[in-house]
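Reading through the structure tokens given below for one structure.
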Amino acid sequence: MSETPATAEKQTYDFRRIEERWQPFWEQDGTFEVDPDDPRPKKYVCDMFPYPSGDLHMGHAEAFAIGDVPARYARLRGYNVLHPIGWDSFGLPAENAAIKNNAHPAEWTYSNIETQAASFKRYAISTDWSTRLHTSDPVYYRWTQWLFLQLYNRGLAYRKNSPVNWCPSCQTVLANEQVVEGACERCGTPVTKRALNQWYFKITDYADRLLDDMDQLQGAWPDRVLAMQRNWIGRSTGASVSFAVEGDDAEPISVFTTRPDTLYGVTFMVVAADADLAVQLVTETKRAELETYREGLKTVSEIDRQSADRKRTGVFLGRYAVHALTGEKLPIWASDYVLADYGTGAVMGVPAHDQRDLEFARAMDLNVNVVVDTGEEDPATSGVATAGDGIAINSPKWQGLAKDEAITRAIEVLEHDDAGTAKVNYRLRDWLLSRQRFWGAPIPIIHCRDCGEVPVPDDQLPVTLPTDMRGEQLAPKGQSPLASNEDWVSVDCPACGKPATRDTDTMDTFVDSSWYYLRYIAPHSTEEIFPTEQVNQWLPVEQYVGGVEHAILHLLYSRFITKVLHDLELVNFTEPFSALLNQGQVLNGGRAMSKSLGNGVDLGEQLDTYGVDAVRLTMIFASPPEDDVDWADVSPSGSAKFLARAWRIAQDVTSRAGTDPSQGAQQLRRVTHRVIADVQGLLEDQKYNVVIARVMELINAARKEIDSGAGPADPAVREAAETAAQILSLAAPYTAEDMWAMLGRQSSVANSVWPDYDEALLVQETITAVVQVKGKLRDKLEVSPDISEAELEAQALALPKIQKYIDDDGPVRKVIVKAPKLVNVVTS
RNA sequence: GCCCUCAUAGUCCAAUCGGUAGAGACAGCCGACUUAAAAUCGGUCCAGUGUGGGUUCGAGUCCCACUGGGGGCACCA
């Protein structure tokens, strides 16, 4: 903390020395701890918490460097900042490691967490470590279980038997969101279907609100994320239509259609072959055929089933439906091209105007009735269904109407005849949350022979995982390893006291992560899930930062849970994250880093070679935060060079701390204040890369002033150096802190006061006005910034060059003047 | 097929309201310092904004069409 007199011997910038000096300082000083009684306005900046898979990698380095910028800036602007950290510490990799190493998943998990925590401290994230939470701690998952029971009590958690996505490798079910192109998101194994009794959250009840509340997020969340969620929810409007079924006791079949105007074109009905409905409808003579068909489907992978050029297959069920309007007989078929879990699992076949139906009709030799004239070739001969707009034909009750009017009319007719109604349908399915694995929060339900499903009473929570299961005992067997632990499974029924069994499934880890941002407010509370009053003060999260890979899963689930909590009156807001920033990926050579490509870059090595600050600065400077960073295109050594250059400016300053800058070199002061003003706007706009460019500009200007201007003693140089240290503290905390100390200011720079810029210094003494003739630049003028339009026009027209153009091009038709920057002379 | 998004020097990227295409950096080249090199300092080269139209006095910026890259959804009736 020397005064660095001009005569003192200069040190060189040594990032290792600086890191070793300041990391312990921040920890002892409690620089980033949150005081709950702090009266200043609150700001909550949150990074998506990491999964503890080994040590931190380049992706973490980018995400957390970016997230730290708004957190640190809010601090400098005088906010009481909450910037917490935790771990998403349940999940399959821990279990796989445990099986391999004959250990308990907790060992691998908590050891990795410690490694990551140490790396985070080295990486100097401005975090309050007392907020730290782990979703695998009983003190946390007790409340995950409590949350489950709240949903259960509201009828939002239920069990149903239905065909589900099954990953044969992970030996567990998968949510729809976890199936990517027919394969398991985690391991890439083709997913198959299996009928299982599973737990679901009724997220579909919230489909409308999840969609409509996106209006609040417009502009504050990336467009593509909103688009993806909209896509995923997939609202489509149309009608439900009921078709009577021939036979004594047959229930009518209800279908959903977006094209009720094509009703007269229905020539057959199709039900999903894997749905119960098919079994109910089939006649005895066809039963065996249907069973054979259904058996065959089980072996077909999702990828094959979805391939477009597959042949249409199906079984006639031997039964007929009755057309709702014409009374015509319609054969009922079962096929795998109809999905059991969308709509009602049945469709009306309109081969003329739906490609899938047409292909099916051609394969099964069914009639094709054209009822919309689109001016295209007859689908029956072309093989191409005409799905576009057109005029209704062969449709007595809406003959001649255009598509939209025909749809409206068709719904009126259906409602009048009691045969159907307007209907909205969603692509979104209920959230399948049970997993047949060990390392997750057990579902707090007890199954009793007499009482059925019984929730675990509140005072018996948490239902903890056994701590003595390890290695092979955890191997996947198609049901949870917990099922084989009889001591754990056997329990007295809380309702009747008789012997009963625990539910042996565990919850999807997305349940854990759907509410952790609320828990950060009081991570150690054993009394309640979170303190509502304080949560309402801190939340919604003002800036949420994380990767776009969570655009649907985590973010949709969190939005859903927040709405449920709102309905339970536990929070007073309906959206958890007011603003979202998706940082890009870190690539190397144009591609994601991966072992198989051998292009991985080790974060630890980068930190050892260039220092923490240089790596952080590189991440931020490389590109706008939402763009990818290609490590092959950037220069951490260049960043290190710049940091040394900035650091030397602070070292060169010879004026004393507290020196009044007002008499300092005006030119440098103008730069400094311009930079402060610009940087504020850039930070608001999340253009963090440009912020760094501005500090570089400031450092360059200060260097010039020291070497060939007013010299190191000038107060403007100190002002520039202090400003640079403050801005740099957002991205390069070690260097900034050391500069701040060298400048004789009290640490920490992280809690310093952001400088006010002086408006007067932003005003230029003269400004360069451009003079155009017909929009082309022809001359320039140095003018006062407050010149009048008339004066500027007069000066511009008087310029000899401009006169010459006027003479050549003909008379002046119009002069556009935008004082003080531009004159455009329009000649004819 | 539908939807979102991007395209500016060799490279990564800037450019409030439509108003001088360049703030910053990497790489390159030249110079100063040095016995030499490194480090440092200074200087310098480099595009008319993917293509074609349109609006305008004026377009990187707004509109339309197309091309190319990235991403999402897709047998969803």
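Proteins get letters first, then strands, A, B, ... in listed order; numbering begins at 1 in each.
- Remark: A:Lys814 is in phosphate contact with B:C57, judged by side-chain N or O atoms under 4.0 Å from OP1 or OP2.
- Take A:Asp685 and apply the salt bridge (charged side-chain N to carboxylate O under 4.0 Å, His left out) test, not counting sequence neighbours, and it matches no residue.
- Ionic pairing of A:Arg235 and A:Asp208 is present here: one or more N-O contacts between side-chain nitrogen and carboxylate oxygen are shorter than 4.0 angstrom.
- A:Lys780 comes within contact range of at least one nucleobase, with a heavy-atom separation under 4.0 Å.
- Ionic pairing of A:Arg703 and A:Asp652 is present here: one or more N-O contacts between side-chain nitrogen and carboxylate oxygen are shorter than 4.0 angstrom.
- Counting non-hydrogen atoms under 4.0 angstrom, A:Asp341 reaches nothing in the nucleic acid.
- In terms of phosphate contacts, A:Arg703 brings no side-chain nitrogen or oxygen within less than 4.0 Å of OP1 or OP2 of B:G42.
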Short heteroatom pairs, N/O only, protein and nucleotides 3-7 of chain B, under 3.5 Å:
unit_1	atom_1	unit_2	atom_2	d
B:U5	OP1	A:Asp223	OD2	3.2

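- Put simply, A:Asn689 has a side-chain N or O that comes within less than 4.0 Å of OP1 or OP2 on B:A14.
- Each of A:Lys704 and A:Val825 lies near RNA chain B, and the nucleotide nearest A:Lys704 is the one positioned closer to the 5' end.
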For RNA chain B, what string of dots and brackets results from 5' to 3' when Watson-Crick and G-U pairs need both distances under 3.5 Å, crossing pairs get [ ], and pairs with another strand get |? (((((((..((((.....[..).))).(((((.......))))).....(((((..]....))))))))))))....
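- Rounded to a whole Å, the CD1 atom of A:Ile253 is 19 Å from the P atom of B:A77.
- Going from atom CG of A:Leu822 over to atom P of B:A59 covers 12 Å, rounded to whole Å.
- If you check every strand for non-hydrogen atoms under 4.0 Å, A:Lys818 touches a base.
- Base orientation of B:C45: anti, the glycosidic angle falling outside 90° of 0.
- A:Glu697 comes within 4.0 angstrom of sugar-phosphate atoms only, judged by non-hydrogen atoms across all strands, and of no base.
- A:Phe621 comes within 4.0 angstrom of a base, heavy atoms only.
- At the phosphate of B:A77, OP1 or OP2 sits under 4.0 Å from a side-chain N or O atom of A:Tyr342.
- Proximity of A:Arg645 to the phosphate of B:G42: a side-chain N or O atom is located under 4.0 Å from OP1 or OP2.
- Between A:Trp431 and A:Tyr557, the distance from one ring center to the other falls under 6.0 angstrom.
- Among the heavy atoms of the strands lying under 4.0 Å from A:Ser236 are primed sugar atoms or P, OP1, OP2 only; no base atom is included.
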